[in-house]
K.L.:
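Take this structure first; my questions come after.
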Number of protein chains: 2
Amino acid sequence: MKSVTVYDIAKEANVSVATVSRVLNNTAPVKASTRQRIQNLIDKYQFQPNALARSLIKKATGMIGIILPDITNPFFPEVLAGLEQEARQAGYTFFLCDTGSSNQDIKDQYRRESQYLGILTEKQVDGIIMIGGRIDLHHCGKEMAKEVAEINKRVPIVLINGNLPGAAFHRVVVDEIAGAERVTEHLIGLGHRDIAFIGGYPQMSNTVRRLEGFRTAMERAGLAVREEWVNHGGFSVNRGKELMGRLLDREGRRPTAVVCANDLVGIGAIKAAVKAGLEVPRDVSVTGVDDVPMAANIIPELTTLSLRCVELGRTAARVLHQLISKSDGVELLTTLQPELVVRESTAPPAK
Amino acid sequence: MKSVTVYDIAKEANVSVATVSRVLNNTAPVKASTRQRIQNLIDKYQFQPNALARSLIKKATGMIGIILPDITNPFFPEVLAGLEQEARQAGYTFFLCDTGSSNQDIKDQYRRESQYLGILTEKQVDGIIMIGGRIDLHHCGKEMAKEVAEINKRVPIVLINGNLPGAAFHRVVVDEIAGAERVTEHLIGLGHRDIAFIGGYPQMSNTVRRLEGFRTAMERAGLAVREEWVNHGGFSVNRGKELMGRLLDREGRRPTAVVCANDLVGIGAIKAAVKAGLEVPRDVSVTGVDDVPMAANIIPELTTLSLRCVELGRTAARVLHQLISKSDGVELLTTLQPELVVRESTAPPAK
DNA sequence: GTGAAAGCGCTAACAG
DNA sequence: CTGTTAGCGCTTTCAC
């Protein structure tokens with residue numbers, strides 16, 4: 001089972017390993033006949049150079065690591081697809097590091113992020129992309145932030161839609177504040193005045209941004225935000241159901257439109273509304289954020305803010321690639337504009 | 001920017017690199033005071049041993065590669081989550097190789113599979129998991145199969161829910177034939193006699209198996225399969241819409257129930273039915289296969305065959321781990337039983 | 001307990 | 001054009 005090496009090839013071809021290396025890498029001219037002889041041997045043994053040895057010398061592995069909280073959340077596969085598309089043609093391979101937020105203690109998640117950060121650097125990845133997890137914290141602990149900053153000195157890191165205090169990181173973000181404004185304005189434009197906001201976590205910066213955009217738009221239109229209509233609790237379909245259910249159970253006036261922190265919550269909200277005997281959008285309008293594929297598949301199709309996930313991934317990959325290849329003038333911050341996608345879940349309020 | 005090595009640590013600690021290595025790996029007793037001195041230096045410099053160099057010697061990398069066709073299809077993240085959970089605690093890291101079937105020529109996909117297979121072996125992964133792509137072909141070309149067999153001699157491969165001719169591979173599969181029978185029987189038990197089957201590709205083995213189970217159950221119940229009600233075309237929501245639309249547009253009798261090749265097609269079918277003014281399940285029952293999260297979120301919630309994706313992933317990881325650690329007696333074939341999940345999209349036919 | 005030295009498989013000067 | 005020779009950073013005998 002001993003695998004063949006450049007030495008085996010060299011010996012059988014009656015050349016030195018250097019020459020074999022030369023044909024392998026096209027790094028210097030080799031006589032056609034010699035090259036052919038070597039190539040034949042390579043084919044014969046299906047020889048594949050050991051990338052470990054190669055990387056050990058070259059100090060580049062062509063591997064990049066991506067740390068994300070939950071591959072099961074459809075948002076992440078979308079940006080992953082973008083990353084992959086872009087990175088593949090640049091010759092990178094991906095380490096997928098899922099910190100499995102969905103089924104565990106939050107503390108474990110951060111612990112696992114640290115762990116992966118360590119593994120990735122040991123494995124000498126050329127770069128790291130982080131999305132979700134600690135970088136989404138509105139107030140990330142100094143320790144956790146510093147750890148990342150420290151690693152960033154040795155290997156380039158790009159943060160997607162997040163940030164960390166205490167140091168400057170390369171980041172690719174979507175302007176969610178402006179996006180949330182647009183969503184809210186769409187609703188206001190439709191004639192809604194009683195608008196609720198549900199989902200997300202107050203300690204997460206994405207939630208803070210989305211809520212800020214919501215408030216700004218409401219204020220600009222001279223509408224009051226009813227604080228009892230602003231409820232957080234998570235980003236899942238189930239949380240959406242609960243939050244919407246609670247909104248509907250309340251005494252007194254009901255909102256005619258609900259801005260949800262993301263699509264999953266939006267979907268949950270629709271389910272809850274339907275279960276309560278309401279019709280969307282006739283009785284209540286619902287919006288999401290992300291524009292995951294599911295958003296277009298739900299009935300009614302969800303009006304949402306497209307975070308342009310795929311584009312986000314591609315951009316991050318591009319920035320990271322620049323960093324790795326030490327191009328200069330790489331922007332610290334790259335901002336993408338989200339896009340309002342109007343579908344079927346929003347309409348003017350009844351009467 | 002030069003990174004610190006065992007030599008740097010050794011020099012500063014006044015010991016040899018061997019001793020440093022010993023404390024790093026706990027591979028031999030080291031005097032407590034010496035160990036402490038070294039450990040302090042390690043902490044001081046945040047020294048991390050270079051995994052490339054280590055793997056070069058150890059001939060094990062702790063990396064496993066997973067080749068899949070489209071991370072964007074919710075089925076795959078689910079099994080990935082299972083893989084990850086199981087593999088993480090065994091100390092593996094994942095290479096994610098998405099061959100991007102969703103937006104390209106099928107030929108390109110297979111080419112990319114080959115490419116990734118090559119990259120993974122060069123990078124000396126300890127094992128490879130394949131799911132989707134060529135291993136789902138009902139009749140896979142000899143060349144493409146042989147390529148995988150060849151690699152399998154050098155590094156262990158586990159196929160999930162697929163197979164390849166010409167050699168014996170370690171596989172983890174779900175009994176889809178029995179599963180499709182169960183789904184069909186559920187419908188028949190509800191009183192349906194006019195049942196259609198839509199979705200999938202006739203050249204893919206999963207489609208063949210699901211259709212076979214469908215036919216078996218129909219036959220056993222003495223029901224005829226109307227061939228004009230068996231239509232293939234893909235696994236996406238859009239194909240489901242189209243196929244269902246075509247079924248509904250047909251002259252004459254309409255099916256009262258539709259067995260879909262997977263959940264996405266099922267969701268598309270529901271959309272088409274609703275668009276055509278029908279109500280599900282009152283006017284037509286719809287079933288899926290996979291049990292992706294979305295299946296439970298659609299309205300009405302989709303009755304489906306759970307392929308137990310997460311469990312599938314875990315099992316595959318376990319088998320691969322056994323293979324890597326050269327346990328003997330590893331079963332060539334591991335079969336999981338799928339599970340019928342009855343939700344809201346099926347009901348007795350309207351009189 | 002600890003050190004010296006020989007590699008793991010490859011690339012990259014440096015000579016010729 | 002091609003061969004020789006150092007390493008890349010680490011682990012691992014084999015001595016002491």
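Just so we're on the same page: letters track the sequence lines, and every chain starts at 1.
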K.L.:
Judged by each residue's nearest nucleotide on DNA chain D, which is more toward the 5′ side, A:Val17 or A:Val30?
P.N.:
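It is A:Val30 whose nearest nucleotide is closer to the 5' end.
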K.L.:
Looking only at the side chain of B:Arg54 (C-beta and beyond, no hydrogens), which of the listed nucleotides C:dG9, D:dT11, D:dG9 gets closest?
P.N.:
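Among the listed nucleotides, the one closest to the side chain of B:Arg54 is D:dT11.
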K.L.:
Tell me: CD of A:Glu122 to P of D:dG9, nearest whole Å?
P.N.:
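Answer to the nearest Å: 15 Å.
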K.L.:
From the options C:dG3, C:dG1, C:dC10, select the nucleotide whose nearest atom is closest to the side chain of B:Val15.
P.N.:
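Nearest listed nucleotide: C:dG3.
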K.L.:
Do NZ/NE/NH1/NH2 and the carboxylate oxygens of B:Arg134 and B:Glu147 come within less than 4.0 Å?
P.N.:
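Salt bridge between B:Arg134 and B:Glu147, a charged N being under 4.0 Å from a carboxylate O: yes.
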K.L.:
Work out how much the helix from C:dG1-D:dC16 to C:dG16-D:dC1 bends between its end axes, five pairs an end, to the nearest 10 degrees.
P.N.:
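The end axes of the helix from C:dG1-D:dC16 to C:dG16-D:dC1 are about 40° apart, to the nearest 10°.
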K.L.:
Any idea which of C:dG9, C:dG1, D:dG3 is nearest the A:Ser16 side chain?
P.N.:
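Nearest nucleotide to the side chain: D:dG3.
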K.L.:
Does A:Phe47 reach the side chain of A:Gln39, with side-chain heavy atoms less than 4.5 Å apart?
P.N.:
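A:Phe47 vs A:Gln39: side chains apart.
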K.L.:
Got a list of side-chain donor-acceptor pairs under 3.5 Å for residues 91-98 of chain A, not counting sequence neighbours?
P.N.:
from	atom 1	to	atom 2	distance (Å)
A:Tyr92	OH	A:His321	ND1	2.8
A:Asp98	OD1	A:Gly100	N	2.6
A:Asp98	OD2	A:Ile71	N	3.1

K.L.:
Find out whether B:Arg171 and B:Thr334 are in side-chain contact, i.e. whether some heavy atom of one side chain is under 4.5 Å from a heavy atom of the other.
P.N.:
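Side chain of B:Arg171 against side chain of B:Thr334, heavy atoms only: no contact under 4.5 Å found.
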K.L.:
Hey, does B:Asn14 reach any base, or is it just sugar-phosphate, or nothing, if we go heavy atoms under 4.0 Å?
P.N.:
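Answer is sugar-phosphate: B:Asn14 comes under 4.0 Å of backbone atoms only.
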K.L.:
Of A:Val6 and A:Arg22, whose nearest nucleotide on DNA chain C comes first from the 5' end?
P.N.:
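The residue closer to the strand's 5' end, by nearest nucleotide, is A:Val6.
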K.L.:
Using atom CD1 of A:Ile38 as one end and atom C1' of D:dC1 as the other, report the distance to the nearest whole Å.
P.N.:
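In whole Å, D:dC1 C1' lies 11 Å from A:Ile38 CD1.
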K.L.:
B:Lys59 side chain: which of D:dC10, C:dC10, C:dC8 is closest?
P.N.:
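Among the listed nucleotides, the one closest to the side chain of B:Lys59 is C:dC8.
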K.L.:
Could you check whether A:Arg37 pairs with A:Glu12 (Lys NZ or Arg NE/NH1/NH2 to Asp/Glu carboxylate O, under 4.0 Å)?
P.N.:
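Looking at A:Glu12 together with A:Arg37, the answer is no, because their closest N to O distance does not fall below 4.0 Å.
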K.L.:
Could you please name the option among C:dA13, D:dT11, D:dC10 that lies closest to any side-chain atom of B:Tyr7?
P.N.:
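Nearest to the side-chain atoms of B:Tyr7, counting from C-beta on, is D:dC10.
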K.L.:
Over how many whole Å does the gap from A:Ile57 atom CD1 to C:dA13 atom C1' extend?
P.N.:
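Roughly 11 Å, once rounded to whole Å.
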K.L.:
Side chain of B:Ala18 only, please: which of C:dA4, D:dC10, C:dA12 is the nearest?
P.N.:
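Of the options given, the side chain of B:Ala18 lies nearest C:dA4.
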K.L.:
Go through the steps to decide whether A:Leu56 and A:Gln124 satisfy the test side-chain contact (heavy atoms from CB on, under 4.5 Å), and finish with yes or no.
P.N.:
CA-CA 9 Å; A:Leu56 192 54; A:Gln124 313 293 123; over 6 Å; no
K.L.:
Please give, in whole Å, the distance from D:dT4 P to A:Lys11 NZ?
P.N.:
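Result: 14 Å.
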K.L.:
With heavy atoms under 4.0 Å as the rule, sort A:Thr34 into base, sugar-phosphate or nothing.
P.N.:
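Sugar-phosphate only.
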K.L.:
Stepwise, does the side-chain contact (heavy atoms from CB on, under 4.5 Å) test hold for B:Leu336 with B:Val173?
P.N.:
CA-CA 6 Å; B:Leu336 260 60; B:Val173 308; over 6 Å; no
K.L.:
Starting at the 5' end of DNA chain D and moving along, which residue's nearest nucleotide shows up first, B:Ser21 or A:Leu56?
P.N.:
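Counting from the 5' end, the first nearest nucleotide belongs to A:Leu56.
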